[in-house]
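Read through the structure below, which is laid out as structure tokens, and then see the notes.
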2 protein chains.
Amino acid sequence: MSKQMTEMLKGTLEGIVLATVALRPAYGYEITARLREEGFSDIVEGTVYALLIRIEKRGLVDVEKVPSEKGPPRKVYSLNALGIEYLEEFWGTWKFLTERIERLHQEIDNQQKQGD
Amino acid sequence: MSKQMTEMLKGTLEGIVLATVALRPAYGYEITARLREEGFSDIVEGTVYALLIRIEKRGLVDVEKVPSEKGPPRKVYSLNALGIEYLEEFWGTWKFLTERIERLHQEIDNQQKQGD
DNA sequence: ATCTACTACTCTGCATTACTGAGTACCACT
DNA sequence: AGTGGTACTCAGTAATGCAGAGTAGTAGAT
């Protein structure tokens with residue numbers, strides 16, 4: 001993982017995982033695997049599990065233990081009402097940030113065009 | 001500042017400041033003020049100054065001391081070749097992240113529409 | 001002259017978060 | 001017994017932003 005990406009994930013990985021769970025309930029190992037498929041190739045399991053415990057403690061998700069055919073029981077997480085609310089807030093914060101960064105990017109772009 | 005925004009700024013504030021300086025050279029107090037005007041109303045000075053010292057140490061910016069009419073001399077930062085390269089990398093990482101988050105957002109949106 | 005206010009930069013300690021790297025446990029197959 | 005894949009846990013570390021205080025320079029008010 002590039003250092004840049006690691007730092008950028010701080011504050012966004014939580015939203016990404018909440019959104020993943022919002023799409024459909026999932027357990028840690030599955031979430032980690034899905035993130036890796038999505039291109040976050042170097043996400044470590046420990047990071048995801050720690051995050052899941054965090055959001056569980058904050059009461060954003062409900063947890064259900066489900067036996068697995070191939071290993072220890074799975075902790076299946078699903079977004080509850082508080083989690084949905086929190087995810088909405090995340091989209092808002094994210095939108096605010098992307099708009100400002102996008103604006104900066106375009107200002108630089110325009111400047112470069114004028115410099116030709 | 002919301003806790004969400006604080007965490008989200010980790011890893012992105014650096015790019016925001018680099019982009020701000022790329023637009024035109026600037027000094028710390030000015031950058032802080034500009035960020036506040038842009039909507040990052042609760043950015044603290046200490047954060048920006050610490051970040052500037054960091055990117056200076058990494059050799060991403062050049063610094064020039066310029067006397068001020070109204071206070072201590074200003075440290076004017078401008079992006080150098082290495083900084084420009086680094087900023088390009090930032091845009092790449094940022095694009096990767098926004099694409100994936102945007103995709104997640106739309107998948108949830110589509111799901112909600114189907115759920116009607 | 002000194003007090004206040006604004007400009008401008010610095011510094012220490014803290015909270016949060018992701019990574020590293022190791023460990024535990026359960027099951028299937030050889 | 002040993003290997004490999006599934007599934008979760010945990011201690012220690014690095015990086016970053018915030019809180020809050022401090023230092024300094026200039027100008028105008030008291």
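In this text, all values refer to a predicted model and were calculated from it rather than measured experimentally. Below, read A as the first sequence line, B as the second, and so on, with proteins coming before strands; counting in each chain starts at 1. All values below come from the heavy atoms of this structure, side chains included, with hydrogens, waters and symmetry mates left out.
Residues forming a ring pair (Phe, Tyr, Trp, His ring centres under 6.0 Å) with A:Phe40 (at least two apart in sequence, or on another chain): B:Phe96. Not a single side-chain hydrogen bond (donor to acceptor under 3.5 Å, both in side chains) links A:Asp42 to another residue, sequence neighbours left out. Applying the side-chain hydrogen bond (donor to acceptor under 3.5 Å, both in side chains) test to A:Glu64 and every residue at least two apart in sequence or in another chain returns nothing. Residues satisfying the side-chain hydrogen bond (donor to acceptor under 3.5 Å, both in side chains) test with A:Lys95, not counting sequence neighbours, are A:Glu99.
Separating the CG atom in B:Leu104 from the CH2 atom in A:Trp91 is a distance of 6.0 Å, to the nearest 0.5 Å. Considering CE of B:Met8 and OG1 of A:Thr98, their distance stands at 9.0 Å, rounded to 0.5 Å. Here the OG1 atom belonging to B:Thr12 is positioned 12.0 Å from the NZ atom belonging to A:Lys10, to the nearest 0.5 angstrom.
Heavy-atom contacts from other residues, nucleotides or ligands closer than 6.0 Å to CD of B:Glu102 number more than 12.
Counting heavy atoms from C-beta outward, B:Leu13 and B:Ile43 have side chains that approach closer than 4.5 Å. Inter-residue side-chain proximity for A:Trp94 and B:Ile101 is flagged as met; some heavy-atom pair is nearer than 4.5 Å.
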Please list, one pair per line, the donor and acceptor atoms closer than 3.5 Å that link side chains of residues 46-61 of chain B to other protein atoms, with sequence neighbours excluded.
| residue | atom | partner | partner atom | Å |
| --- | --- | --- | --- | --- |
| B:Tyr49 | OH | B:Tyr29 | N | 3.2 |
| B:Arg58 | NH1 | B:Glu14 | OE1 | 3.1 |
| B:Arg58 | NH1 | B:Glu14 | OE2 | 3.3 |

Side-chain donor/acceptor pairs under 3.5 Å, residues 20-27 of chain B, sequence neighbours excluded:
| residue | atom | partner | partner atom | Å |
| --- | --- | --- | --- | --- |
| B:Thr20 | OG1 | B:Ile16 | O | 2.7 |
| B:Tyr27 | OH | B:Arg74 | NE | 3.3 |
| B:Tyr27 | OH | B:Arg74 | NH2 | 3.2 |

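When DNA chain D is scanned 5' to 3' for any atom under 4.0 Å from a heavy atom of chain B, the first and last hits are D:dT16 to D:dT26. Contacts between chain B and DNA chain C, taken as any atom within less than 4.0 angstrom of a protein heavy atom, begin and end at C:dT7 to C:dT17.
DNA chain C is contacted by no residue of residues 25-37 of chain A, taking any non-hydrogen atom closer than 4.0 Å. Within residues 52-65 of chain B, the residues that place at least one heavy atom under 4.0 Å from DNA chain D are, in residue-number order, B:Arg54, B:Arg58. For the segment residues 6-17 of chain B, residues with any heavy atom less than 4.0 angstrom from an atom of DNA chain C are, sorted by number, B:Glu7, B:Lys10. Near DNA chain D, meaning a heavy atom under 4.0 Å away, the residues from residues 68-77 of chain B are B:Glu69, B:Lys70, B:Gly71, B:Pro72.
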Could you please spell out the steps behind the side chain to side chain contact (heavy atoms under 4.5 Å, CB included) verdict for A:Tyr86 and A:Leu18? CA-CA 9 Å; A:Tyr86 189 84; A:Leu18 286 173; 3.5 Å; yes

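Between A:Pro72 and A:Ser68, the shortest heavy-atom contact is O-CB, 3.4 Å.
Taking a cutoff of 4.0 Å between a charged side-chain nitrogen and a carboxylate oxygen, A:Glu7 and A:Lys3 do not qualify as a salt bridge. Using a 4.0 Å cut-off between a side-chain N of Lys or Arg and a carboxylate O of Asp or Glu, B:Glu30 and B:Arg34 qualify as a salt bridge.
Residues B:Thr93 and A:Gln4 have side chains that bring a donor and an acceptor to within less than 3.5 angstrom of each other.
Of the residues near DNA chain D, B:Gly46 and B:Leu51, the one whose nearest nucleotide (by heavy atom distance) lies more toward the 5' end is B:Leu51.
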